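FYI, side chains are in, hydrogens and waters are out, and symmetry mates aren't considered; it's all heavy atoms of this structure. Order of the sequence lines sets the chain letters (A, B, ...), proteins ahead of strands, with each chain counted from 1. Please read these numbers as outputs of a predicted model, since none were measured by experiment.
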Amino acid sequence: MLQIANIRKNATEVAERLSIRGLDGKTLVANVLELDEKNRAKRTEMESLQSKGNQLTGQIGELYKSGQKEAGDALKLASAEIKEQLKTLEADVELGDQAMLQLLLTIPNTPSTEVPLGKTPDDNLEVSQWGSKPDLSSQSLPHWELAAKYDIIDFELGVKLTGAGFPVYKGKGAIFQRALIQFFLNEAGKAGYTEIQPPLLVNADSGYGTGQLPDKEGQMYHSTVDDLYLIPTAEVPITNLYRDVILNEGQLPIKNAGYTPCFRREAGSYGAHVRGLNRLHQFDKIEIVQIVKPENSYGVLEEMQTYVQGLLQKLGLHYRVLLLCGGDMGFTSAKTYDMEVWSAAQEKWLECSSVSNFETFQTNRLKCRFRNTEGKTELAHSLNGSALALPRIVAALLENNQTPDGIKVPEVLVPYTGFDMIN
RNA sequence: GGUGAGGUGGGUGAGUGGCUUAAACCACCAGUUUGCUAAACUGACGAACGGGAAACUGUUCCGGGGGUUCGAAUCCCCCCCUCACCGCCA
């Protein structure tokens, strides 16, 4: 959620930056300012009346104490009248605040000025590519066929147990998953991230804190008896660690990493492109999260982006880096890089990581602040990225590394798997 | 699930109707002293929002919501959460 004070102060800039998303920034900002002005007028009116009432009660107290009961009783009448007037005023102010909140909730984050204009994924800017397409023989198989051939992932069994999108990993397939998780966690540790094992169920407050609620309510699995939500990403618990917190400047930057299964209902997205591991209801992901000082956040975004690339390089995967355009960026992000790995048999790019700077969009909601050098509280900036999400990495590794004798395990993973070939 | 206790500022924790502009201690911050660090001393120090060029000033906030009262952290009602013990159980 954008900060109203910031919109007021930097109206033109906010409007311009919103326009990068293809929105009518000017009108949006004008609407906010108009409502804001109305609200403030009402608030001033209410507060001065409250002040008057407070003075009165003080006087009444004095009068009673000095034994002037009748004079006190007389003032009570005036006090009662003010109280009556306040009722409607307070209700008005409350309504105004609600209206403002509702309005602000509909406005996405202001893109960084470096974000390219554009509406669709076609307008994303390809920043770089690494590696090259593997040279596979003509009989290369998609990963779901490889999974069946070597009996390492069973999609049908998952359907029996739960439903589509809940695969069962078996034997070397399960070990391979575990190896990747441990590899990613160890790498994050080496890069200075503190490992976190958070709860997989969160309450509604946490959902609101990172913005999954109320907008994406339908995307989360909800246990209604206890009113808890299965996390769609570790971002939710790990970022909410800092909800309603005032940090000391010295504690920043905070760097956390966590592995969790992620649960997504993915309501409404069915079809051919969800085949195999491409889109699941439950999958494993290692997430990295940083809470930083505002002036550092864009430098940190580059650092995180580079870190994720390093993982892909160690796995020997051909990938590209996209700078998302305004229209394709998530609602809460100010700047996002997507990493896509090449899936050799499907012959397409698969998104496997998304690294974003949210500036104060999340921390405003979370009330995550730090005390700056002047001793004043200031909203921190939050960032996160997948490092990495497993399924599409697994898909790409299976497809790209297939040989007539089996699937070669990347060298960096062998210490974790204990085998160098899936066959 | 049962019974009991409790939720106060960054933390510990006092506070049973107006003197609370929330004590005290700790932490954080600034300064003094000091080879450095530490310690000691001094000072400042809750948050959010509004008004003001600024100095400054107003309002709200003691888990959440309602109520009593001229006036509520304090009294009453409902809800939520935490802790302890018991029961059940990995």
Side-chain angles (χ1 to χ4, degrees), chain A residues 1-9 32-104 197 199-209 213 223-229 237 240-254 291 293 360 362-380:
Chain A
M1 191 168 66
L2 293 179
Q3 301 167 77
I4 180 68
N6 186 48
I7 298 177
R8 210 146 54 203
K9 210 158 89 189
V32 170
L33 291 181
E34 190 190 337
L35 181 58
D36 181 48
E37 203 148 317
K38 237 167 53 185
N39 283 354
R40 272 150 66 205
K42 270 278 180 237
R43 180 173 301 278
T44 307
E45 195 183 337
M46 175 189 77
E47 288 184 354
S48 68
L49 195 59
Q50 281 173 329
S51 177
K52 221 193 275 171
N54 288 343
Q55 277 177 22
L56 259 185
T57 57
Q59 285 170 21
I60 294 171
E62 291 296 319
L63 288 172
Y64 276 134
K65 233 186 291 180
S66 60
Q68 299 173 259
K69 190 160 184 323
E70 280 143 46
D73 287 343
L75 286 186
K76 275 193 197 178
L77 291 172
S79 180
E81 198 177 312
I82 285 178
K83 208 175 160 187
E84 200 52 43
Q85 290 174 4
L86 270 177
K87 257 187 204 161
T88 48
L89 263 178
E90 281 169 351
D92 276 1
V93 168
E94 174 66 23
L95 278 176
D97 286 350
Q98 281 301 321
M100 180 58 86
L101 181 64
Q102 288 312 314
L103 180 56
L104 287 177
Q197 265 192 44
L200 306 181
L201 285 158
V202 294
N203 58 30
D205 283 345
S206 296
Y208 281 102
L213 294 174
S223 168
T224 48
V225 257
D226 296 304
D227 195 22
L228 294 173
Y229 296 85
N240 270 283
L241 254 25
Y242 304 96
R243 168 155 52 83
D244 293 321
V245 160
I246 300 178
L247 298 153
N248 287 322
E249 197 172 1
Q251 292 174 264
L252 301 176
I254 285 165
I291 313 279
K293 288 197 263 182
T360 60
Q362 280 188 331
T363 51
N364 185 30
R365 200 70 172 282
L366 289 164
K367 296 207 201 78
C368 169
R369 294 151 294 173
F370 71 100
R371 222 173 274 289
N372 64 24
T373 29
E374 288 157 25
K376 295 221 165 133
T377 56
E378 188 178 339
L379 290 175

Proximal nucleotide (of [options]) relative to the [X] side chain:
{"X": "A:T377", "options": "B:A48, B:G71, B:U59", "result": "B:A48"}
{"X": "A:K83", "options": "B:C70, B:G71, B:U59", "result": "B:G71"}
{"X": "A:R369", "options": "B:A48, B:C70, B:C49", "result": "B:A48"}
{"X": "A:N54", "options": "B:U69, B:U60, B:A47", "result": "B:U60"}
{"X": "A:T57", "options": "B:A47, B:G58, B:C70", "result": "B:C70"}

[atom1] of [X] versus [atom2] of [N]: gap in Å, rounded?
{"X": "A:I60", "N": "B:G71", "atom1": "CD1", "atom2": "P", "result": "8 Å"}
{"X": "A:N39", "N": "B:U60", "atom1": "CG", "atom2": "C1'", "result": "16 Å"}
{"X": "A:D244", "N": "B:G9", "atom1": "CG", "atom2": "P", "result": "12 Å"}
{"X": "A:E45", "N": "B:G51", "atom1": "CD", "atom2": "P", "result": "14 Å"}
{"X": "A:I246", "N": "B:G11", "atom1": "CD1", "atom2": "P", "result": "9 Å"}
{"X": "A:D97", "N": "B:C61", "atom1": "CG", "atom2": "C1'", "result": "14 Å"}
{"X": "A:E94", "N": "B:U59", "atom1": "CD", "atom2": "P", "result": "20 Å"}
{"X": "A:R40", "N": "B:G52", "atom1": "CZ", "atom2": "C1'", "result": "12 Å"}

Using both distances under 3.5 Å as the test, list the Watson-Crick or G-U wobble partner of [N], or none.
{"N": "B:U68", "answer": "none"}
{"N": "B:U34", "answer": "none"}
{"N": "B:C29", "answer": "B:G43"}
{"N": "B:G50", "answer": "B:U57"}
{"N": "B:C19", "answer": "none"}
{"N": "B:U3", "answer": "B:A84"}
{"N": "B:U12", "answer": "B:A24"}

- Query: Only one of A:K293, A:R369, A:R371 forms a salt bridge (Lys or Arg N to Asp or Glu O under 4.0 Å) with A:E249, so which one is it?
  - Reply: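 By the salt bridge (Lys or Arg N to Asp or Glu O under 4.0 Å) criterion, A:E249 pairs with just one of A:K293, A:R369, A:R371: A:K293.
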How far, in whole Å, is [M] from [N] if one measures between their [atom1] atoms?
{"N": "B:A54", "M": "B:G66", "atom1": "C1'", "result": "42 Å"}
{"N": "B:U69", "M": "B:C81", "atom1": "P", "result": "32 Å"}
{"N": "B:G63", "M": "B:G11", "atom1": "P", "result": "13 Å"}
{"N": "B:U32", "M": "B:U82", "atom1": "P", "result": "48 Å"}
{"N": "B:C79", "M": "B:G7", "atom1": "C1'", "result": "14 Å"}

- Message: Less than 4.5 Å apart, side chain to side chain, heavy atoms only: is that true for A:K38 and A:E34?
- Response: no
- Query: Measuring from A:Q55:CD to A:L75:CG, what's the distance to the nearest 0.5 Å?
  - Reply: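 Here the interatomic distance stands at 12.0 Å.
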- Atom CD of A:E84 and atom CD1 of A:I82: how far apart are they, to the nearest 0.5 Å? 12.0 Å
- Query: Okay, side chain of A:T44, backbone of A:R40: is any donor-acceptor separation there less than 3.5 Å?
  - Reply: yes
- May I ask you to decide if A:A380's main-chain N or O and A:T363's side chain share a donor-acceptor pair within less than 3.5 Å? yes
- Polar contact flag, side-chain donor to acceptor under 3.5 angstrom, A:N203-A:S206: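 The answer is yes; a qualifying pair exists.
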- Query: Which sits closer to the 5' end of RNA chain B, A:S79 or A:I4, going by the nucleotide each is nearest to?
  - Reply: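 The residue closer to the strand's 5' end, by nearest nucleotide, is A:I4.
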- Message: Pick the closest RNA chain B nucleotide for A:Q50 and for A:K76 by heavy atoms, then say which residue is nearer the 5' end.
- Response: A:Q50
With a 4.0 Å cutoff (strictly under), does any side-chain N or O of [X] reach OP1 or OP2 of [N]?
{"X": "A:S51", "N": "B:U59", "result": "yes"}
{"X": "A:R43", "N": "B:U59", "result": "no"}
{"X": "A:R371", "N": "B:A44", "result": "no"}

